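Shown next, in structure tokens, is the structure this report addresses.
Sequential numbering from 1 along the given sequence is applied to the chain's residues. Just so it is clear, the structure is predicted and the values come from calculations on it, not from any experiment.
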Amino acid sequence: MKEITSTVMNPTIKKLLSYATLEKKVNEEYKKYTYLPSRKLYSIEVNGETISCIGVEFLNSKKAVIKHIAVLPKERGKGIGSSMISFFCEKYDIHSIFAETDKEAVNFYSKFGFQITSLGEKYLGIERFLCEFKIK
């Protein structure tokens with residue numbers, strides 16, 4: 001995994017982030033990774049192609065929130081997302097990690113071992129879920 005620090009967004013990272021947030025917010029979210037010390041963005045490349053990314057915001061030295069996680073559709077189901085979460089938790093010695101997501105991603109987080117709590121209909125017609133994983 002490679003940390004992304006460039007202020008110029010790679011087109012594949014832009015595409016990946018658009019899977020994880022509204023397209024109109026991608027540029028704004030990417031900027032936060034380049035200038036906020038509490039945010040880190042990493043990617044995985046295979047044969048020179050960026051296939052996934054994970055962006056995390058640190059709440060403190062032991063707690064983090066997954067802000068964005070995305071894998072190219074052709075690479076999904078191979079454990080890449082899980083390996084990115086594991087990498088982060090180990091590299092930064094995280095004790096608990098959270099994510100807020102939609103119904104579509106709940107299975108992914110629950111397979112990893114996250115506790116899932118419904119936040120109800122946070123946006124009109126859209127149920128959101130809090131996913132929490134405690135390591136220690």
Side-chain angles (χ1 to χ4, degrees):
M1 288 220 350
K2 167 176 108 168
E3 185 173 0
I4 299 169
T5 55
S6 171
T7 54
V8 179
M9 191 179 354
N10 164 321
T12 308
I13 293 295
K14 185 170 188 151
K15 181 163 76 175
L16 285 163
L17 286 175
S18 76
Y19 295 142
T21 193
L22 297 173
E23 195 143 355
K24 64 183 181 191
K25 285 183 155 186
V26 169
N27 291 339
E28 177 189 328
E29 289 297 316
Y30 185 82
K31 274 187 201 155
K32 290 177 185 175
Y33 290 114
T34 62
Y35 69 79
L36 291 178
S38 62
R39 287 216 182 179
K40 299 274 182 209
L41 182 63
Y42 281 81
S43 67
I44 292 178
E45 281 185 19
V46 174
N47 301 324
E49 180 187 25
T50 303
I51 61 161
S52 65
C53 71
I54 183 171
V56 170
E57 180 175 14
F58 294 91
L59 303 177
N60 61 41
S61 66
K62 300 295 175 200
K63 270 186 167 178
V65 176
I66 297 170
K67 301 300 279 184
H68 305 98
I69 185 166
V71 177
L72 288 178
K74 66 179 181 165
E75 301 293 338
R76 291 180 188 163
K78 298 179 182 177
I80 296 166
S82 296
S83 70
M84 290 190 301
I85 295 171
S86 297
F87 167 85
F88 246 101
C89 293
E90 289 166 28
K91 179 170 177 64
Y92 294 102
D93 192 27
I94 299 295
H95 290 192
S96 60
I97 192 161
F98 304 85
E100 184 185 305
T101 192
D102 55 21
K103 198 162 186 65
E104 197 178 296
V106 165
N107 279 347
F108 164 76
Y109 286 107
S110 99
K111 275 189 216 158
F112 189 90
F114 281 74
Q115 296 298 310
I116 313 296
T117 309
S118 174
L119 297 172
E121 195 177 298
K122 200 166 175 184
Y123 308 106
L124 190 61
I126 301 169
E127 185 179 10
R128 300 291 288 172
F129 296 87
L130 176 68
C131 307
E132 181 181 1
F133 187 73
K134 288 191 185 325
I135 293 100
K136 296 178 179 171

Excluding sequence neighbours, so at least two apart, what forms ring-ring contact (aromatic ring centres under 6.0 Å, His included) with Tyr42? Phe87, Phe88
Applying salt bridge (Lys or Arg N to Asp or Glu O under 4.0 Å), which residue pairs with at least one partner in residues 76-85 are found, sequence neighbours left out? Glu75-Lys78
Can you list every pair that meets side chain to side chain donor-acceptor pair (under 3.5 Å) and has a residue in residues 15-25, with sequence neighbours left out? none
Not counting sequence neighbours, which residues clear salt bridge (charged side-chain N to carboxylate O under 4.0 Å, His left out) with Arg128? List them please. Glu100
Please identify each residue that fulfils side-chain contact (heavy atoms from CB on, under 4.5 Å) with Lys103, with sequence neighbours left out. Phe129
Starting at CG of Leu22, measure out to CG of Leu17 and round the result to the nearest 0.5 Å. 12.0 Å
With sequence neighbours left out, write down each residue that passes salt bridge (charged side-chain N to carboxylate O under 4.0 Å, His left out) with Glu3, or none if nothing qualifies. Lys40
Any side chain to side chain donor-acceptor pair (under 3.5 Å) involving residues 79-89? Give me the pairs, sequence neighbours left out, ordered by first then second residue. none
Under 3.5 Å, sequence neighbours excluded: what are the donor-acceptor pairs made by side chains of residues 110-120?
{"unit_1": "Ser118", "atom_1": "OG", "unit_2": "Gly120", "atom_2": "N", "d": "3.0"}
{"unit_1": "Ser118", "atom_1": "OG", "unit_2": "Glu127", "atom_2": "OE2", "d": "2.6"}

When rounded to the nearest 0.5 angstrom, what is the spacing between CG in Leu41 and CG in Leu36? 12.0 Å
Linking I/L/V/M/F/W/Y whenever any side-chain heavy atoms sit under 4.5 Å apart, do Val26 and Ile4 land together? yes
Contacts of Lys2 meeting side-chain hydrogen bond (donor to acceptor under 3.5 Å, both in side chains) (sequence neighbours excluded), chain-then-number -> Glu45
Are Ile85 and Tyr109 close enough that some pair of their side-chain heavy atoms sits under 4.5 Å apart? yes
By salt bridge (charged side-chain N to carboxylate O under 4.0 Å, His left out) - contacts of Glu49 (at least two apart): Lys74
Check whether any side-chain heavy atom of Asn27 sits under 4.5 Å from a side-chain heavy atom of Lys14, and report yes or no. yes
Show me the donor-acceptor pairs, under 3.5 Å and distance only, between side chains in residues 51-73 and residues at least two apart or in other chains.
{"unit_1": "Asn60", "atom_1": "OD1", "unit_2": "Lys62", "atom_2": "N", "d": "2.8"}
{"unit_1": "Asn60", "atom_1": "OD1", "unit_2": "Lys63", "atom_2": "N", "d": "2.9"}
{"unit_1": "Lys62", "atom_1": "NZ", "unit_2": "Asp93", "atom_2": "OD2", "d": "2.8"}
{"unit_1": "His68", "atom_1": "ND1", "unit_2": "Tyr33", "atom_2": "OH", "d": "2.5"}

Is the closest basic N to carboxylate O distance between Glu29 and Lys32 below 4.0 Å? yes
The reported gap from CG in Asn10 to OG1 in Thr50 (rounded to nearest 0.5 angstrom) is 4.5 Å
Would you please name every residue forming a side-chain hydrogen bond (donor to acceptor under 3.5 Å, both in side chains) with Asp102, sequence neighbours left out? none
